[in-house]
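Heads up: numbering here begins at 1 and tracks the sequence.
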Amino acid sequence: MSHWRELPAELHPDVRHLIVRLRGLKDRSELSKRRLAAKTGYSAKSWQRYLNGRSLPPREAVESMAGVGGDNPHRLLVLHEIAAQRWSEGRAITTPATASATDDGPAPPEPAPTEHQPQGRHLRVAVTAAAVVTALSVTAALLLAVRLTEARAQLADERAGVAATAVATVSESMVPVIYTCELEQRDGRWYAGLSRTTDILLSNTQMGLEVAEAQCLLQRAGSEPGDIDGVFGPKTRRAVERMQKRGGLIVNGVIDPPTWQALREGAPQ
């Protein structure tokens, strides 16, 4: 059983989503970091940085992990593109304007004001504002295109039955996927046929089969999470808190290992 470190709090939710998916694939493969390195061509230390959120894995590493974990590489690469965009935005470096003020020597003298400076300053501000607006517009358009590509790929997979792990429905208008819970009990534990994990941390904004599995088990436990759509939203969080309070667990709205154990082993309410 893997025990993952807490991801850095400053990670964007899209980057966190990619890393959680990669962690799930590694857990599914049951490979050590050394064996994973041998199969993917990336060192164990590199995978340690990638899976702990200290470095964004390259596209080729994500594609290799998809092959090892048996996931759809196209869908995973779309998630990587979104995460890479967020990662680059979070790593933007600005040069402090007051760096010279920290030196021991005196600050260089400012140029004497002239009657042309206000007009030049206003022009620079206007040009900078226009550049920012343009950059934001391009970023929004790219993000929308990536989201549409991901949704179309997901619809195509559902139609073709490629790597299908659960019965789900999706409409032509790209509404969220609705999963079917196929509950069964094995060795005293309950499973819904979507994921067999017992230790992946799930919280707000996360998506995927693990979330859908937890929603099925919450529904079985009598704590209604809303639609079984694989999206950890406000209804799912409230359902987790109700179940944790009823089971005497720490009420934090996060599906952690103790909460997974209660969902897997608990009797229906």
Side-chain angles (χ1 to χ4, degrees), residues 1-33 36 40 42 46-59 61-87 89-90 146-147 150 153-154 163 165-166 176-177 179 192 194-218 225 228-234 236-237 239-240 252-261 263-264:
M1 182 182 299
S2 298
H3 297 282
W4 295 107
R5 292 183 179 180
E6 184 79 12
L7 290 173
E10 66 271 17
L11 282 182
H12 191 279
D14 290 335
V15 180
R16 185 182 296 270
H17 182 197
L18 173 66
I19 295 174
V20 169
R21 179 63 65 86
L22 293 176
R23 285 180 171 185
L25 292 177
K26 181 186 177 301
D27 288 340
R28 186 187 303 173
S29 71
E30 299 182 349
L31 295 176
S32 65
K33 288 189 177 69
L36 181 63
T40 62
Y42 290 84
S46 295
W47 278 115
Q48 185 173 358
R49 291 195 305 272
Y50 301 154
L51 298 176
N52 286 331
R54 298 200 305 270
S55 179
L56 187 70
R59 178 186 178 91
V62 172
E63 189 171 10
S64 297
M65 178 64 87
V68 169
D71 200 0
N72 183 340
H74 181 77
R75 186 181 306 171
L76 203 60
L77 290 175
V78 171
L79 295 179
H80 177 265
E81 290 184 23
I82 299 172
Q85 177 70 26
R86 297 304 188 187
W87 186 273
E89 292 172 359
V146 170
R147 293 290 189 185
E150 181 183 14
Q154 189 173 26
T165 57
V177 175
Y179 294 92
L194 300 170
S195 173
R196 300 184 66 83
T197 184
T198 59
D199 58 0
I200 292 179
L201 292 178
L202 300 177
S203 58
N204 279 338
T205 74
Q206 291 186 236
M207 299 179 293
L209 293 175
E210 292 81 6
V211 177
E213 174 81 7
Q215 289 173 330
C216 289
L217 297 179
L218 285 167
I228 311 300
D229 55 7
V231 179
F232 201 119
T236 300
R237 179 182 178 88
V240 172
N252 54 13
V254 175
I255 300 181
D256 48 19
T259 306
W260 275 117
Q261 183 176 0
L263 288 172
R264 295 288 191 199

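Between I200 and D27, some side-chain heavy-atom pair lies under the 4.5 Å cut-off. Two residues are said to be in side-chain contact when any heavy atoms from C-beta on lie closer than 4.5 Å; V231 and T236 fail this criterion. In this structure the side chain of M65 reaches within 4.5 angstrom of the side chain of L36, judged on heavy atoms. Counting heavy atoms from C-beta on, the side chains of N52 and R23 come closer than 4.5 Å. Residues L18 and L56 are in side-chain contact: their nearest non-hydrogen atoms beyond the backbone lie under 4.5 Å apart. Side-chain contact between V254 and L202: absent, with no pair of heavy atoms (C-beta onward) separated by less than 4.5 Å. The closest side-chain heavy-atom distance from Q206 to H17 is not below 4.5 Å. Looking only at side-chain heavy atoms (C-beta outward), H80 and E63 stay at 4.5 Å or farther from each other.
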* Start with the C-alpha distance between R21 and L76, add both sets of side-chain angles, then the distance that settles side chain to side chain contact (heavy atoms under 4.5 Å, CB included), and finish with yes or no. => CA-CA 8 Å; R21 179 63 65 86; L76 203 60; 3.4 Å; yes
* **side chain to side chain contact (heavy atoms under 4.5 Å, CB included) between L77 and V62, intermediate numbers included** => CA-CA 7 Å; L77 290 175; V62 172; 4.2 Å; yes
* **side chain to side chain contact (heavy atoms under 4.5 Å, CB included) between T197 and D199, worked out** => CA-CA 6 Å; T197 184; D199 58 0; 3.5 Å; yes
* Taking it one step at a time, do R237 and F232 satisfy side chain to side chain contact (heavy atoms under 4.5 Å, CB included)? -> CA-CA 7 Å; R237 179 182 178 88; F232 201 119; 3.8 Å; yes
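Distance check, rounded to the nearest 0.5 Å: CD1 of I255 to CG of L218 gives 5.5 Å. With rounding to the nearest 0.5 Å, the separation of CG in L51 from CG in L7 is 9.5 Å. Atom-to-atom distance recorded for S195:OG and L209:CG is 7.0 Å, nearest 0.5 angstrom. Remark: T205 OG1 to M207 CE distance equals 8.0 Å, nearest 0.5 Å. Here the straight-line distance linking atom CD1 of I19 with atom CZ of R54 works out to 10.5 Å at 0.5 Å rounding.
In this view, S32 and R34, R35 satisfy the side chain to side chain contact (heavy atoms under 4.5 Å, CB included) rule, not counting sequence neighbours. Remark: S46 pairs with S43, R49 by the side-chain hydrogen bond (donor to acceptor under 3.5 Å, both in side chains) rule, at least two apart or across chains. Contacts of R16 classified as side-chain hydrogen bond (donor to acceptor under 3.5 Å, both in side chains), with partners at least two apart in sequence or in another chain: none. Judged as a ring pair (Phe, Tyr, Trp, His ring centres under 6.0 Å), and not counting sequence neighbours, W260 has no contacts. Applying the side-chain hydrogen bond (donor to acceptor under 3.5 Å, both in side chains) criterion to E213, with sequence neighbours excluded, gives R264. In this view, T40 and W47 satisfy the side-chain hydrogen bond (donor to acceptor under 3.5 Å, both in side chains) rule, not counting sequence neighbours.
L201 and P257 get closest at one heavy-atom pair: CD2-CD, 3.8 Å. The two residues L263 and A214 have their closest heavy-atom pair at CD1-O, 4.5 Å. The minimum heavy-atom distance linking Y50 with A61 is given by the pair CE1-CB, 4.3 Å. In this structure, D14 and R86 approach most closely via the heavy-atom pair OD2-NE, 3.2 Å. Looking at every heavy atom in both residues, A212 comes nearest to Y179 through CB-CD1, 3.6 Å. Listed here is the closest heavy atom pair of P58 and Y42: CG-CE2, 3.6 Å.
A donor-acceptor contact closer than 3.5 angstrom is absent between the side chains of Q85 and E81. Q215 and D229 are linked by a side-chain donor-acceptor pair at a separation below 3.5 angstrom, with hydrogens and angles left out of the test.
R28 has no carboxylate O lying under 4.0 Å from a charged side-chain N of D71, or vice versa, which leaves the two without a salt bridge.
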